[in-house]
Structures are given as C-alpha cells and as structure tokens.
*Asks:* 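Quick one: the structure is below, and I'll ask about it shortly.
Counting starts at 1 for both ligands and their atoms, in listed order. Computed from heavy atoms alone, side chains included, the values below leave out hydrogens, waters and symmetry copies.
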Amino acid sequence: MTEDEARKRLKELAMEIRIADSQYYQDDAPILTDAEYDALRKENTALENEFPHLIRKDSPSRSVGAKPSGKFGKISHIVPMLSLDNAFTDKDVEDFTARIKRFLSLSEDTVLAFTAEPKIDGLSAALRYENGKLVSGATRGDGQTGEDVTANLRTVSNIPLVLSGSDWPITLEIRGEVYIDHQDFEAMNENQEAAGKDAYKNPRNAAAGSLRQIDPSVTANRPLKFFAYTWGDISAPLSETQMGAVNAMASWGFDTNPLMKVHQSPAEMIAHYHEIEEMRANLGYDIDGVVYKVNDLSLQERLGFVSRAPRWAIAHKFPAEKAITIVKDIEIQVGRTGSLTPVAKLEPITVGGVVVSNATLHNEDEIERLGVKPGDTVEIQRAGDVIPQVLRVTKDGQQPPFIYPVTCPVCSAPAMNDTDPKSGRVDVVKRCTNGLNCPAQAIESLIHFVSRRAYDIDGMGSKQIETFYEKGLVKEPADIFTLETRNKDIKLETWEGWGATSSENLFDAINARRSIAFDRFLYALGIRHIGQGNAGLLAKHYLNWDKFYNAIKSIDVIGGNEWAELMSIDGVGEGAASAIKSFFHSPDNQTIVDNLLTYVTVIDAEAPTSDSPVAGKTVVFTGKLERFSRDEAKAKAQALGAKVSGSVSAKTDILIAGPGAGSKLKKASELGIKTLTEDEWLNFIQS
Ligand code: IVH
C-alpha cells in the first residue's frame, strides 16, 4: 500500500470504528458483529505499525474498545514518583544550591549547572513504553502505587502511541504532567454549563476529573495535553544531562516545555524565574512556579533523595494570591490527635480562580496576634494546594472578641496545652484530653486509617466512616474487618446510596487489605509525629511487627536498651520516639491494636536485599571525612542497606573514623567494634 492509500484508509477506519463504538456504547445497538469490529481494529493497528508517522490524532488506537471496567486497576511504580521541596524566596534558592555543593563537598565558588523550567499545574502521569510502543500509563497515586489509566492516557492527543526515532531504550518510562490549557478549559466549561452540569473550578480539577473517567471515550473528548519532563524505570540512560534527556524525549515525539533552560548560577536561575513569572498570565496554561534541577545526571545520582523529594531539585513557587473578605464566624475543629484548630468561616470569595470559604487560624495565639473576631474584614491568601491563611484584619467589625474554648467543642472534655517535659515549654495548641473516647478524634483517626497512604480502602472515605461511626457500626479499626460478617444484620446493600455491587466492592476492598505492609500499618495508626517517613524508617529498622511492638511495650526507662535502640534510628527524633512510647503504653491503644491484629496480618518489611557487605549493618561516622561530606557518606551507606546511627553502642557494627575522632572512637575500641578509616570504608563497600 502506498503512503497516500494508507493515509486514506486510516481516515476511513477511524470513522467506521468511531461509529461502531458509539453504537455499541451509547446506543447499545451494535451494527457490526464482534468479529467484523475486531477485524477493523486489527487492520488499523497493522497499518499504524507500518506507517507510525501517519497515526491520526483521532486514531481509534487512542481510545480502546474495552468496556468500562467500573474501577481502575493498580500499577506499582518501579521507581517511586516523588514530590518536590519548595523554595519561596531568592534566599531559599541560594540555600538550595549551597546545600548541594556542601553535600557534594564542592567549594562554594564551583560553577554548577541547573536547569530551570515551569512547574506545570496539572497532575503527573507515568507512561511505559516497551520497544517504542506505549504499553501502560498510570497516575501518581501515593507515589508507590498509582491507578492504571492506560486506556485514558492513550486518548491524549499529544502522547505518542509509538515513539519516533530509534535510539530509545527498550524499556522507557516517561513522566510528565497532564493538563488542560486555558482556551480549552473555557470551551469545556461552556459545554458543561450548556449541558446543565457544574462548571469545573479550575483547569487542574478539570484535567484530574477527565483523566479518571471510567469510560475512556469520555476522556477522548476532553482536551487533555501532556508535557514530558522526567523519567522512571529505564533500561538504558537517556543522556548525561537533564537537558539532554529532555531533548531526547522531544526527539521521540513528546511535547517538552519550550521555556526550559540551563543556568550556571543562582542569579541566572532567579532571573529566569522572574521572566517566566512575567509571562505567566499569557502562557495559556497554569503554572505555579519554576522547577530547578541539577543538570549533571551523575551528580543527581550522588545526591539521591530525602524521604519523598530529590535533593537535586526544588520548586520555586510563585507568591500566593490574596483577597479581602469577611469572617462570618470562627469554628473550632478537632483533629485526629485531639488538636483544636480554629477555622475562619468566610464570605465565599474567589482567590486565584478558586472559591474559598474557609481559612485556617492555626491556634489560639494566632487569633490573638491577628486580633480577629467574627464580623471583621480580613485579607486572606491562598498558595497552591495549601489551606488558605488569614493574613491580617483590614477592618474591625465592632463585634465582641472571640472567646477561645477551654473544653473540647465535640465531647466537652477539658482541652489542655501540652508542656514539653524537657524544655518546660507550653505548646500553643490546645488538645482535647479524651483520646479516642472523643467522637471527633475517633472519627478523624478512622478517616486517617482508611486514607490513601494508610489502608487505602476503596469506597471507604470520610462520609462512609462518619455514617458507620454514627450508626455505632465502626468504632475502631477492627470493626471495619468484621463489617462483612455482620452484614446479614446491617444489610448495607439496602442503604440509601448503596447497592449490591457497591457493597460487594467495599467488602472486596476491605478483604484485599487483610494483610498489609509494616510501614502502612504503623502509619495508619495515626500516632502523632509518625508520618509516612518515620513509619518507613521504623519498619526498615525493626523489619518485623512483633519485634517492634514488643520492644516498644517493654521500654521501661528512658535510657534503657529498647529506648536507646529507638533513638539510634537516624531520622527518628525524640518527639517521635516519645509519641511512639506513649501511644503503645496506653492500655486503650494496645487493645485497639490487638483487636485489629486478630483480623489483619502485618507483612515484614524487606531486609535490605542489596548484596553489599554492609547491608543490615549499623554504622557510625565520626571525625572529619575528606572524600565526601558527612551527609553524602550517610546517604550512600543507607542506599547500600546500612543503618546509620549517631551514637556508638553494643549494636554498632562498624565505626568509620576520620581525623579528629574522639570519644566515639574511644568507646568503639572499648567495645571491640570494628573501626575503619574513610579509605578502608570505601574499599570495603566496593568489595
Ligand atoms: S520534576 C523527582 N518537573 O510537581 C521529581 N515536576 O510538587 C519529579 N510538576 O509530582 C518531578 N511540573 O507532578 C517536575 N517541570 C516539572 C514539573 C513537575 C509540575 C509536578 C509533578 C510533581 C509535583 C511536585
């Protein structure tokens, strides 16, 4: 077939398949038999494989003929999808570049190249290509596991289904941002309104809603676009530099951002930031800052990551948007850990395209500092996804002052300010003292328990938890796991808003979580100061739940062995350690955990699989290091599976001592611990 014939035939096929699809899906009256339909699709695929440059924007291979499945499968990210740390000021940017040089042990005047590019305000997606063909696509999800939205991503017009060129790695995962531009957004909202539906709040929400459509033919009609800016799992390096890698992506057919540039100094980076800021209103798509990345990929590799963000990149955010409105009332919300948070209920106002009707007032001191009362006119600001803040009172509403409660507004128990036992400092936050006996704390804890980064139970969100709690059906996490056996009395399928399918789906989702990873389990308990980062560190250290649980329960004195072990974990501070101890020493909490453990199994964390000689070993660095900064040495040891501790104890396996080592070296030799110089250590880890 000639190219012209192929072009013509592809056009016909696109039309025939589209008509067949719409008959099948929308009218439920197929004109073609399944075999005839499959033959058309096969012919289309064969022609596209032969003439990849002729693939049409509306190609049927961009929308799949699969029936909507009702929900998305999961895709686990081989390389986690991380977030970025933020910089707000020029000084933050200078600190960022200085921090990197320190980590790499480079002198302050070393010239280091960084890329700068717009931070697109959309949602990130990962596209997996095998042998140059798009095989799957996922959302970011919690960074470890995302949703399988392959069918939807295939419909995005500027996502190549087949890569151009031939120098791409066999396995190539491209990551970037899915977004909707301003012009398309307006048209889309006009259509929504014409159809009597609610308009989308902003392009980001519209893009998110469009990507998560159950029926890919709906997504196909949404004007989604994609900018490629990074990569995940790859079978070969893309380039030696960030800029080179992005240029390679462009050569394979991806849209990359035209404003990306390489700079040699913070001053240049900041100048570029201001240029982009000036262009912001006329770019035609939403951006919320500029991302800087170390250009040299071998340096990125050395820099690595801290918890959920790379050390080698930062997002320089644009200043927050501000507005003036009236405080109608001040409400006190009670959080998962009992904290009382005052919230200003506002006369709704649009700030940067989003309607704001609540702003946080943080705590009692903040109300006093602002002098804010119901009835006052205030200036508020909203920055990205951050909860809006009240900046100042602009006009006194002449109402009586707000009296801060001394009891919990939900359960009436006394609300108290904690005192730090060490410093004697009184915490600014008042907390309800009723623990999980307070309905607000119980409900918030349960909501946290089922949330995405914790148990991640599909179909169980804050609304469902509240209902189950109010009906007395779920009072503690264990109750979630007995819902199904109690359902002959509960009859969830007869409740308003529920049916046979949705209740079955819920029980399936619950049953799928009867075994759970150690770190998720720990995080789900909602202990103060134990976020995902600390939960991960603890799981990696103790590996086995029972071992951890028993060790913590047997902490008797601060300073004993179990306490020392907890405190020796690099990254776990004293606040987190005390919170863990006091949580697991409460008999009420123990009962809650033990009840839960009768229904769920906690999966051991993986022991470091690395075959490095230091995997699983506890190492301590002391004295001056000459080849690497202390931070890089620590990070390298951790990457090899070692545990880095700050103090020498009987559990220490290796002490790496540089010049000037003192008391730690002395203690190590008293305890007979293996001691290495920096060079010996380097030889050892390379062996
Ligand atoms: S790089 C390992 N570059 O911002 C770092 N991210 O706040 C990978 N984003 O999750 C991210 N524009 O969804 C990078 N030019 C850009 C970006 C960008 C938008 C998003 C991305 C990420 C989030 C972090």
Side-chain angles (χ1 to χ4, degrees), residues 77-88 92-93 96 100 114-127 137-147 149 153 156 173-181 202-205 207-208 211-212 224-234 238 241-243 245-247 249-250 254-263 269 272-273 276-277 279-280 283-297 299-318 383-386 452-453 532:
H77 301 301
I78 296 173
V79 177
M81 287 183 85
L82 301 159
S83 55
L84 291 169
D85 280 339
N86 291 328
F88 295 99
D92 292 343
V93 178
F96 162 71
I100 285 180
F114 287 85
T115 56
E117 73 204 67
K119 183 168 188 297
I120 316 298
D121 196 6
L123 55 145
S124 48
L127 307 169
T139 61
R140 172 165 182 255
D142 64 2
Q144 305 289 336
T145 313
E147 281 177 320
V149 287
L153 284 167
V156 176
E173 188 192 326
I174 294 291
R175 294 176 176 178
E177 207 79 355
V178 173
Y179 69 100
I180 290 179
D181 74 26
N202 56 43
R204 201 190 109 86
N205 286 6
L211 188 61
R212 295 189 72 263
L224 292 173
K225 287 191 180 141
F226 181 79
F227 269 131
Y229 52 68
T230 191
W231 57 94
D233 184 34
I234 46 177
L238 307 190
T241 61
Q242 182 74 31
M243 195 69 218
V246 170
N247 288 338
M249 293 182 203
F254 293 96
D255 279 358
T256 57
N257 195 282
L259 299 177
M260 180 170 175
K261 270 192 195 159
V262 181
H263 299 293
M269 291 150 69
H272 190 185
Y273 165 90
I276 294 178
E277 189 181 23
M279 294 190 227
R280 184 181 183 188
L283 279 181
Y285 49 88
D286 277 355
I287 64 172
D288 57 352
V290 172
V291 184
Y292 307 124
K293 299 171 188 169
V294 169
N295 194 33
D296 182 329
L297 298 184
L299 295 183
Q300 286 191 6
E301 167 105 31
R302 277 179 61 190
L303 285 155
F305 303 88
V306 222
S307 75
R308 294 179 41 238
R311 271 195 197 86
W312 43 262
I314 204 161
H316 191 179
K317 302 298 275 285
F318 293 132
D385 286 341
V386 183
R452 200 172 66 172
R453 291 176 176 156
Q532 271 184 302

*Asks:* Nearest 0.5 angstrom please: Lys225 NZ to Asp181 CG, how far?
*Replies:* 3.5 Å

*Asks:* Tell me the contacting part of Lys293 for ligand 1: side chain, backbone, both, or neither, using a 4.0 Å heavy-atom threshold, strictly below.
*Replies:* side chain

*Asks:* Work out which heavy atom in Phe226 is nearest to a heavy atom in Asp255; give both atom names and the distance.
*Replies:* O-CB, 3.6 Å

*Asks:* Hey, are Asp142 and Arg453 close enough for a salt bridge, meaning a charged N less than 4.0 Å from a carboxylate O?
*Replies:* no

*Asks:* So, does Glu177 use its side chain to make a donor-acceptor pair with the main chain of Gly122 at under 3.5 Å?
*Replies:* yes

*Asks:* Considering the heavy atoms of Glu117, write down every atom of ligand 1 situated less than 4.0 Å from one of them.
*Replies:* 3 (N), 15 (N), 16 (C)

*Asks:* Polar contacts were defined as any N/O atom of the residue lying under 3.5 Å from an N/O atom of the ligand; does this apply to Lys119 and ligand 1?
*Replies:* yes

*Asks:* Short N/O distance, under 3.5 Å, between Ile120 and ligand 1?
*Replies:* yes

*Asks:* State whether the side chain of Arg204 and the backbone N or O of Asp121 hold a donor-acceptor pair below 3.5 Å, judged by distance alone.
*Replies:* no

*Asks:* Under 4.0 Å from a heavy atom of Leu82: give me the atoms of ligand 1 that qualify, with their elements.
*Replies:* 10 (O)

*Asks:* Over 60° means perpendicular and under 30° means parallel, so classify the ring planes of Tyr179 and Phe227, tilted if in between.
*Replies:* parallel

*Asks:* Enumerate the atoms of ligand 1 whose separation from the nearest heavy atom of Leu84 is less than 4.0 angstrom.
*Replies:* 5 (C), 6 (N), 7 (O), 24 (C)

*Asks:* Who's the nearest protein heavy-atom neighbour of atom 8 (C) of ligand 1, and how far?
*Replies:* Thr230 CG2, 4.3 Å

*Asks:* If only atom types and distance count, is the side chain of Tyr273 paired as donor or acceptor with the main-chain N or O of Lys317 below 3.5 Å?
*Replies:* yes

*Asks:* Is Ala315 near ligand 1, meaning one of its heavy atoms is under 4.0 Å from it?
*Replies:* no

*Asks:* Regarding ligand 1, does Trp312 bring an N or O atom to under 3.5 Å of one of the ligand's N or O atoms?
*Replies:* no

*Asks:* Quick test: of every protein heavy atom, which one is nearest to atom 11 (C) of ligand 1, and how far off is it to 0.1 Å?
*Replies:* Tyr229 CE1, 4.0 Å

*Asks:* Between His77 (side chain only) and Arg140 (backbone N and O only), is there a donor and an acceptor less than 3.5 Å apart?
*Replies:* yes

*Asks:* At what distance is the nearest protein heavy atom to atom 2 (C) of ligand 1, and which residue and atom is it?
*Replies:* Pro310 CG, 3.6 Å

*Asks:* List the closest protein heavy-atom neighbour of atom 13 (O) of ligand 1: residue, atom name, distance to the nearest 0.1 Å.
*Replies:* Glu177 OE1, 2.8 Å

*Asks:* So His263 and His272, would you call those rings parallel, tilted or perpendicular, with 30° and 60° as cut-offs?
*Replies:* perpendicular

*Asks:* Output yes when the distance from some N or O of ligand 1 to some N or O of Pro118 is under 3.5 Å, and no in every other case.
*Replies:* yes

*Asks:* Can you tell me if Gly122 contacts ligand 1 (heavy atom of the residue under 4.0 Å from the ligand)?
*Replies:* no

